[in-house]
Amino acid sequence: VYGKSVNTPFREDDPAVSPVAVYGASKRAGELLASAYVHLFGLNITCLRFFSVYGPYGRPDMALFKFTKAILAGESIDVYNSGEMKRDFTYVDDIVAGFIAALKKPMGFAIFNLGHGKSVWLLDFIKVIEKKLGKKAKMNMLPMQPGDVPETFADTTKAKELLGFEAKVPVEEGVGKFVDWYRGYYGV
């Protein structure tokens, strides 16, 4: 939803009026509809903005899954913007903890960032995967994809203050858990 925002880390009260992809625009539209429903019908609706969620049983079209599969197979990975991008990678267990905390504290209409609160260079993320796999990646450097942004970075202050949320799993540990799951699940 933050799209073209140049202020980092992203705060929930930043204007989210310039999404660069239909995906982000649809999420923002959902938030606006939820706000109207709260106003009209007195509902409790909390919107959660997740940041680069990864972990076991994740989507196979996401970077960690695709990179792990390709590196193990000796295939090249596509690295967009020549790796000159940062993501706030957030382990799934941390997201679940934030989701449960939000369920326990209804507060009319609210929006919370759920992220690790740390932006990591994509090439550093790939190095963590390589280290855990014990195998170097073959990288196919590509330009930025349409609808993508150079950085995501969550300010989680509001979630910490109102929900008690704080991400606990560092990237090195989370990637390790994913790789262990992947090898066990796929027998590689």
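Just so it is clear, the model here is predicted, and its values are computed rather than measured. Position 1 is the first residue of the sequence, and the numbers go up from there.
- Heavy atoms only, all atoms of each residue included: M107 and L163 are closest at CE-CD2, 4.2 Å.
- L48 and I45 are members of different hydrophobic clusters when ILVMFWY side chains are connected at heavy-atom separations under 4.5 Å.
- For the pair R49 and Y2, the cation-pi test (distance below 6.0 Å, angle within 45°) is passed.
- A 4.5 Å side-chain heavy-atom check between Y37 and F109 finds every atom pair outside the cut-off.
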Let's go through F50 and T90 carefully: what are the C-alpha distance in whole Å and the side-chain angles of both, what is the deciding distance for side-chain contact (heavy atoms from CB on, under 4.5 Å) to 0.1 Å, and is it a yes or a no?
CA-CA 8 Å; F50 301 154; T90 313; over 6 Å; no
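- Put simply, the side chain of D155 never gets that close to the backbone of F10: no donor and acceptor are under 3.5 Å apart.
- Atoms NE2 and OG, on H116 and S52 in that order, are 12.5 Å from each other to the nearest 0.5 Å.
- Residues P56 and V92 come closest through the heavy atom pair CD-CG1, 4.4 Å.
- Taking the ring centroids of Y91 and F178, they lie at or beyond the 6.0 Å cut-off.
- Side chain of D88 to backbone of G117: a donor-acceptor contact under 3.5 angstrom is found.
- With side-chain heavy atoms closer than 4.5 Å counting as contact, directly or through intermediates, the hydrophobic cluster containing V20 also holds V149.
- The closest donor-acceptor contact from the side chain of K158 to the backbone of N113 lies at 3.5 Å or more, if one exists at all.
- Here the OG1 atom belonging to T68 is positioned 10.5 Å from the OH atom belonging to Y186, to the nearest 0.5 angstrom.
- Taking the side chain as every heavy atom from C-beta outward, T8 and K86 never approach each other to under 4.5 Å.
- Closest approach of G115 to T156, counting heavy atoms only: O-CG2, 3.5 Å.
- Atoms OG1 and CD, from T157 and E166 in turn, are 10.0 Å apart once rounded to the nearest 0.5 Å.
- When each of I126, L72, D78 is checked for a side-chain contact (heavy atoms from CB on, under 4.5 Å) with F67, only I126 meets the rule.
- Note: Y80 OH to L122 CG = 11.0 Å, rounded to the nearest 0.5 Å.
- In this structure, L32 shares a hydrophobic cluster with no other residue, the cluster being traced through Ile, Leu, Val, Met, Phe, Trp and Tyr side chains under 4.5 angstrom apart.
- Centroid-to-centroid, the aromatic rings of Y182 and F65 come within less than 6.0 Å.
- Nearest heavy-atom pair, P9 versus A154, reported as atom, atom and distance to 0.1 Å: CB-C, 3.8 Å.
- Q145 contributes atom CD, which lies 10.0 Å from atom CG of N81 (distance to the nearest 0.5 angstrom).
- L162 and F165 fall within the same hydrophobic cluster, defined by Ile, Leu, Val, Met, Phe, Trp and Tyr side-chain heavy atoms under 4.5 Å apart, directly or through other members.
- Checked by atom type and distance alone, the side chain of E130 pairs as donor or acceptor with a backbone atom of A137 at under 3.5 Å.
- S35 places no side-chain N or O within 3.5 Å of a backbone atom of E31 that could act as its donor or acceptor partner.
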Evaluation steps, salt bridge (charged side-chain N to carboxylate O under 4.0 Å, His left out), between D124 and R87:
CA-CA 10 Å; D124 290 339; R87 292 290 176 266; over 6 Å; no
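- One finds the CG atom of L123 at 7.0 Å from the NZ atom of K127 (value rounded to the nearest 0.5 Å).
- In this structure, the side chain of D180 does not engage the main chain of K177 through any donor-acceptor pair within 3.5 Å.
- Considering only residues two or more places apart in sequence or on other chains, D93 meets the salt bridge (charged side-chain N to carboxylate O under 4.0 Å, His left out) condition with none of them.
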